[in-house]
A.B. asks: 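The structure under discussion is supplied below as structure tokens; questions concerning it will follow.
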Amino acid sequence: MTPAQRVAWLRNEIARHNEAYFVNDAPSLPDADYDSLVRELRELETAHPELADEQSVTRLVGAPVSTVFSPVVHEEPMLSLDNVFDARELEQWSARVAKSLGREASTIAFAVEPKIDGLALSITYVDGALTRAATRGDGRVGEDVTDNVRTIRNVPPTLGGVARGRIEVRGEVFLARSDFLEMNAQQVALGAKEFANPRNAAAGSLRQKDPAATAKRPLSFLAYQLVDLDATLAYTSYTDTIYQLATWGFLTAGESTLETGASAMIARSDWFEAHRHDLRYDIDGVVIKVDDLAQRIQLGFTSRAPRWAIARKFPPEERTTRLLSIEISIGRTGRATPYAVLEPVVVAGSTVSMATLHNQDQVALKDVRPGDLVIVRKAGDVIPEVVSAVPVPGKRRAKAWTFPLNCPECGQPLVRRGAESDTYCVNPTCPAQQLEQIAHFASRSALDIEGLGEQRVAQLLASGLISDVADLFTLRVEDLSVLEGFGELSATSLVRAIDAAKGAPLSRVLVALGVRHVGPVAARVLARHFRTYAALESAPLEELEALDGVGPIIAQAVYQYCREDENRDRMARLAAVRFTLNEPGEDVTVEATLAGKAVVVTGAVPGYTRDEAEAAIIARGGTSPGSVSKKTFCVVVGEAPGASKLTKAEEMGIPQVSAEKFESLLAKGVVPA
Ligand code: IVH
């Protein structure tokens, strides 16, 4: 990959995660991983100034604005903070600050505060009365959430004494950990979905359409900035402004201290890291701010952040809890995965009560046993994992755990083949495998059959209507409409959604079938080479092995899959219901028809997954950002498009392309008439 391609890819990724985090309140990757993407992009942009771009995500702060709340333009932009990740980088930052000020670092006063993991809020008071509250939004324009903020109990509706003119108080809206746990307990009691972590719960609560709904949530506000818009107050230090905020009745961070010199400041930030779990709320780091307001003016700002402040982010959390038992789950390929059942513990903001142990060898290597205290963390993904056991001297442990000999679901013997570290249930009629296979077949990353989630599949299996993916295509409206939770309408739309899957290209079908070792890349190579399933099915092993990107393991798995009786039978049944089972022709090398053009996709484009649509644009030299800007070339509008992107496109006069014209756009690089 060239730096230019990497930059394009990074911008795309970051925009996508921004949308997930800010618009949908559903983070798609851990904060630490997000930070490293941004960091890599910033480094590349610095090393290659020709690739820098005013519109780059590194120049923007936070979120695109929604359409539910009216927009508010911040009188002074709400900036973000630059990050450092360890004490050494913090030391370097303080050295830069000292140099710019022409002073010794040992003489500078720093405020060290918790970095609360909530969402930034700006509250404006005019002559002491609360008039408006807004979210940060993209830093320049936020959302008007005044009515909701008035319901937050520790936001004073009026300011006493000296408050004249316009005063803006900025801070963080958050949920204390205990309030979060209580709120989730309530969600469970109501049969509603639990929130992933306090931050998401706070964001969701603040952005309720109905203020009465916000009022029911135990939100708190902590103030950390006073913006004196009309310059009616004359403070010389940050600490004094914080005292003023506290006097007005705002909650301020009790753990904050003022430290003189870099080493005291670093020591205090280490203290926060060691005590992060002892605070009432989740923090993801500390914020260090130069205290002297005159020095702040001297230091100034970059385009996105002040030079007088920095965030030190903490590494992913590890927590200790008790391992209650080790169980086995059976996946769609029959793989038997051991997992730990844990005494519930909050790790990085969410409650963890299960964690994977990967396979038999990993359990043996970690030597974790029921009853042990273990360390748990969130691995690269958001998947919790058991790191190791914590030895407790003098305590007797349970016997070493042994892998079961039989499948816990169907009772058939489990098999471990040759040198593989995984163990399998090889019974093709094992109910656990059937469930996972059919659910995978219908899932978003496979055939994306709407309305056919895991619970529905379980219901259909239990009702005896299906036992294999091929059975889905024989389902009739009258069979479904008598089942619990179905009506005539939902039954009809499910049958329709299932029917629509028949048109999927062979590459997607291969992924959906869950042939072992065959992911989207190998599936595409196979589908492009053979074009039809019939050709693939009769291919000799050597032809499979000779394909670029296939290799002996995949070739063997495909060869074997095609020869197993139940698979032959399934494919014949799919062909009989007129499944397409071929791959539409497409040039292997595509022209750069979209070179330098930003094409935003919103909603589902039939025949493409989200990733495939983006990949098709990028393959043609374009980019596919997650939000509309004035640089957007056009917006592809699929099924169920996002309202905010459409409104924005309309406001900015960006051309819209219907999903049916997507192929034409790719081929010609012009907006189809
Ligand atoms: S000061 C111009 N102080 O972190 C500086 N921010 O990553 C304004 N945050 O947007 C921010 N705790 O939402 C500041 N004690 C604290 C904070 C804090 C959390 C958030 C805030 C900000 C983000 C930047």
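Just the heavy atoms: all of them, side chains too, but no hydrogens, waters or symmetry mates, feed the values below. Position 1 is the first residue of the sequence, and the numbers go up from there. Start at 1 and go down the list; that is how both ligands and their atoms are numbered.
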A.B. asks: Starting from atom 8 (C) of ligand 1, which protein heavy atom do you reach first, and at what distance in Å?
C.D. replies: Q225 OE1, 3.9 Å
A.B. asks: Can you check which of K289, R136, K313 brings a heavy atom nearest to atom 22 (C) of ligand 1?
C.D. replies: R136
A.B. asks: Closest non-hydrogen protein atom to atom 13 (O) of ligand 1, residue and atom name please, with distance?
C.D. replies: E172 OE1, 2.7 Å
A.B. asks: Give a yes or no on whether a salt bridge exists between E143 and R136, defined as a side-chain N under 4.0 angstrom from a carboxylate O.
C.D. replies: no
A.B. asks: Please confirm whether P114 comes under 4.0 Å of ligand 1, counting heavy atoms of the residue only.
C.D. replies: yes
A.B. asks: Could you tell me whether D144 and R132 make a salt bridge, using a distance below 4.0 angstrom between a side-chain N and a carboxylate O?
C.D. replies: no
A.B. asks: Might you confirm whether atom CZ of R39 has over 12 heavy atoms from other residues, nucleotides or ligands at distances under 6.0 Å?
C.D. replies: yes
A.B. asks: Return yes if a side-chain donor-acceptor contact under 3.5 Å exists between S122 and R170, otherwise no.
C.D. replies: no
A.B. asks: Identify the protein heavy atom lying closest to atom 5 (C) of ligand 1, giving its residue, its atom name and the separation to 0.1 Å.
C.D. replies: L81 CD2, 3.6 Å
A.B. asks: Against ligand 1, does A311 come closer than 4.0 Å with any heavy atom?
C.D. replies: no
A.B. asks: Going by the order shown, which atoms of ligand 1 are within less than 4.0 Å of some heavy atom of E113?
C.D. replies: 3 (N), 15 (N), 16 (C)
A.B. asks: Side chains of E113 and Y224 only: does a donor on one sit below 3.5 Å from an acceptor on the other?
C.D. replies: no
A.B. asks: Of the backbone atoms (N, CA, C, O) and the side-chain heavy atoms from C-beta on, which set of V287 has a member under 4.0 Å from an atom of ligand 1: side chain, backbone, both, or neither?
C.D. replies: side chain
A.B. asks: Is it the side chain, the backbone, both or neither of M78 that has a heavy atom closer than 4.0 Å to ligand 1?
C.D. replies: neither
A.B. asks: As an exercise, state the distance from NE2 of H48 to OG1 of T2, rounded to the nearest 0.5 Å.
C.D. replies: 9.0 Å
A.B. asks: Got the closest protein heavy atom to atom 12 (N) of ligand 1, with its distance?
C.D. replies: I116 N, 3.1 Å
A.B. asks: Find out whether the Lys NZ or Arg CZ of R276 is both under 6.0 angstrom from the six-membered ring centre of F272 and within 45° of the ring's axis.
C.D. replies: no
A.B. asks: Taking salt bridge (Lys or Arg N to Asp or Glu O under 4.0 Å) as the definition, give me every residue that meets it alongside D270, ordered by chain and number, with sequence neighbours left out.
C.D. replies: R312
A.B. asks: Name the closest protein heavy atom to atom 11 (C) of ligand 1, giving the residue it belongs to and the distance to 0.1 Å.
C.D. replies: Y224 CE1, 3.8 Å
A.B. asks: Can you tell me which portion of R170 lies within the under-4.0 Å heavy-atom range of ligand 1? Options are side chain, backbone, both, or neither.
C.D. replies: neither
A.B. asks: Looking only at side chains, do D292 and S237 share a donor and an acceptor under 3.5 Å apart?
C.D. replies: no
A.B. asks: To the nearest 0.5 Å, what is the distance between CH2 (W9) and CD (E614)?
C.D. replies: 11.0 Å
A.B. asks: Using a 4.0 Å cut-off to any heavy atom of A120, which atoms of ligand 1 qualify?
C.D. replies: 13 (O)
A.B. asks: Atom 2 (C) of ligand 1: which protein heavy atom is closest, and how many Å away?
C.D. replies: P306 CG, 3.5 Å
A.B. asks: Which heavy atom of the protein is the closest neighbour of atom 4 (O) of ligand 1, given with residue, atom name and distance?
C.D. replies: K115 NZ, 3.1 Å
